[in-house]
Amino acid sequence: MTLDGGVARAGGERPAGASMEFDGEPPEGGGPVAVRLLLDEASVQARVAELGVELRGDYEGVEPILVSVLRGGVVFLADLVRAAAMPCLVDFMAISRFDASEDTGVVRIEKDLELDLSGAHVLVVEDIVDTGLTLTYLLRVLAARGPASLRVCALLDRRARRIVDVPLSYVGFEVPDVFLVGYGLDLDERERGRRELLAVEDLEAVRGDPALLDLPTRPDGPGRLPPV
Ligand code: 5GP
Ligand code: MG
């Protein structure tokens with residue numbers, strides 16, 4: 001499922017999968033739009049349900065270990081295990097980039113897994129793969145522990161920014177190169193609980209006025225298309 005252009009300019013094509021876009025009317029006060037709705041709750045949930053069915057089929061007869069990377073991936077994981085409704089184990093890891101400004105991909109393990117991966121079928125559940133640097137490093141670490149299989153399920157794939165080619169077995173949506181917030185993804189560690197995915201076009205405006213994040217999903221908000 002591709003969402004390229006999912007935050008299309010006013011008057012642009014309505015992208016498949018994205019539930020709405022601005023219909024040409026500038027928001028109150030004019031000026032550029034700070035936040036757009038990329039995926040509403042129903043679109044996210046429908047895709048997560050599909051991924052769950054796919055996983056249940058692919059992992060039939062085995063009990064995989066689902067590895068979630070804190071903190072962004074937990075919302076997706078929580079919905080995915082329920083959608084898959086299959087025998088599985090769940091474990092968590094926390095990592096941090098040594099230097100976010102450097103594209104080395106070297107990360108520090110802040111919290112390691114508790115389960116033993118040797119001989120296990122391991123599925124890394126990620127919120128979003130951007131450059132792929134973090135995930136590549138993580139996969140190298142996990143592969144060294146001798147799992148029987150090692151795959152990745154990423155809800156969002158921002159392929160345009162990929163630096164390292166990392167194989168993704170399952171992808172929810174391909175997304176455009178714009179900062180995303182909601183459904184586990186944070187804005188300065190906040191907003192992870194939002195059910196929808198928002199594309200933040202103007203980060204500073206939103207930092208100054210977090211209420212802007214509510215506009216695209218308000219029934220009368222500027223991101224709402226008129227009812228048909
Ligand atoms: P990369 O693939 O560049 O190594 O890093 C991916 C990680 O960066 C993700 O797991 C996520 O934590 C963070 N990240 C990447 N893009 C976004 C985004 O648009 N919004 C938020 N909140 N985090 C992001
Ligand atoms: Mg992540």
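All ligand and atom numbering here is 1-based and tracks the order in the structure.
- Under the 3.5 Å distance criterion, the side-chain polar atoms of Arg161 are left unmatched by any main-chain donor or acceptor of Val129.
- Annotation: atom 16 (N) of ligand 1 to nearest protein heavy atom, Arg158 NH1, 3.0 Å.
- Atom 23 (N) of ligand 1 has its closest protein heavy atom at Leu185 CD2, 4.0 Å.
- The residue among Leu70, Ile128, Thr134 with a heavy atom at the shortest distance from atom 9 (C) of ligand 1 is Ile128.
- For Glu126, the N/O/S atom at the shortest distance from the Mg ion (ligand 2) is named OE1.
- Scanning all protein heavy atoms for the shortest distance to atom 22 (N) of ligand 1 gives Asp186 O, 2.8 Å.
- Between the side chain of Arg194 and the main chain of Tyr183, no donor-acceptor pair closer than 3.5 Å is present.
- Using a 4.0 Å cut-off between charged nitrogen and carboxylate oxygen, Arg71 and Asp186 do not count as a salt-bridge pair.
- For atom 3 (O) of ligand 1, the closest non-hydrogen atom of the protein is Thr131 OG1, 2.5 Å.
- Note on Arg145 versus Asp112: salt bridge recorded, some NZ/NE/NH1/NH2 to OD/OE distance being below 4.0 Å.
- From the protein, the heavy atom lying nearest to atom 10 (O) of ligand 1 is Asp127 OD1, 2.9 Å.
- Residue contacts with ligand 1, taken as heavy atom pairs separated by less than 4.0 Å, involve Glu126 solely via side-chain atoms from C-beta onward.
- Judged by distance alone, with hydrogens and angles left aside, the side-chain atoms of Asp157 form no donor-acceptor pair with the main-chain N or O of Val171 at under 3.5 Å.
- No donor-acceptor pair closer than 3.5 Å links the side chain of Arg207 to the backbone N or O of Leu187.
- Of the polar atoms of Gly132, at least one N or O is found under 3.5 Å from an N or O of ligand 1, judged by distance alone.
- Below 3.5 Å of separation, one finds an N or O of Leu180 facing an N or O of ligand 1.
- Interface atoms of ligand 1 facing Phe179, defined by a heavy-atom separation under 4.0 Å, are 18 (C), 19 (O), 20 (N), 21 (C), 22 (N).
- Just one of Val124, Leu55, Asp58, Val125 meets the side-chain contact (heavy atoms from CB on, under 4.5 Å) condition when paired with Arg151; it is Asp58.
- Distances from the Mg ion (ligand 2) to each N, O or S atom of Asp127 single out OD1 as the nearest.
- No donor-acceptor distance shorter than 3.5 angstrom exists from the side chain of Arg47 to the backbone of Ser43, with no hydrogens or angles considered.
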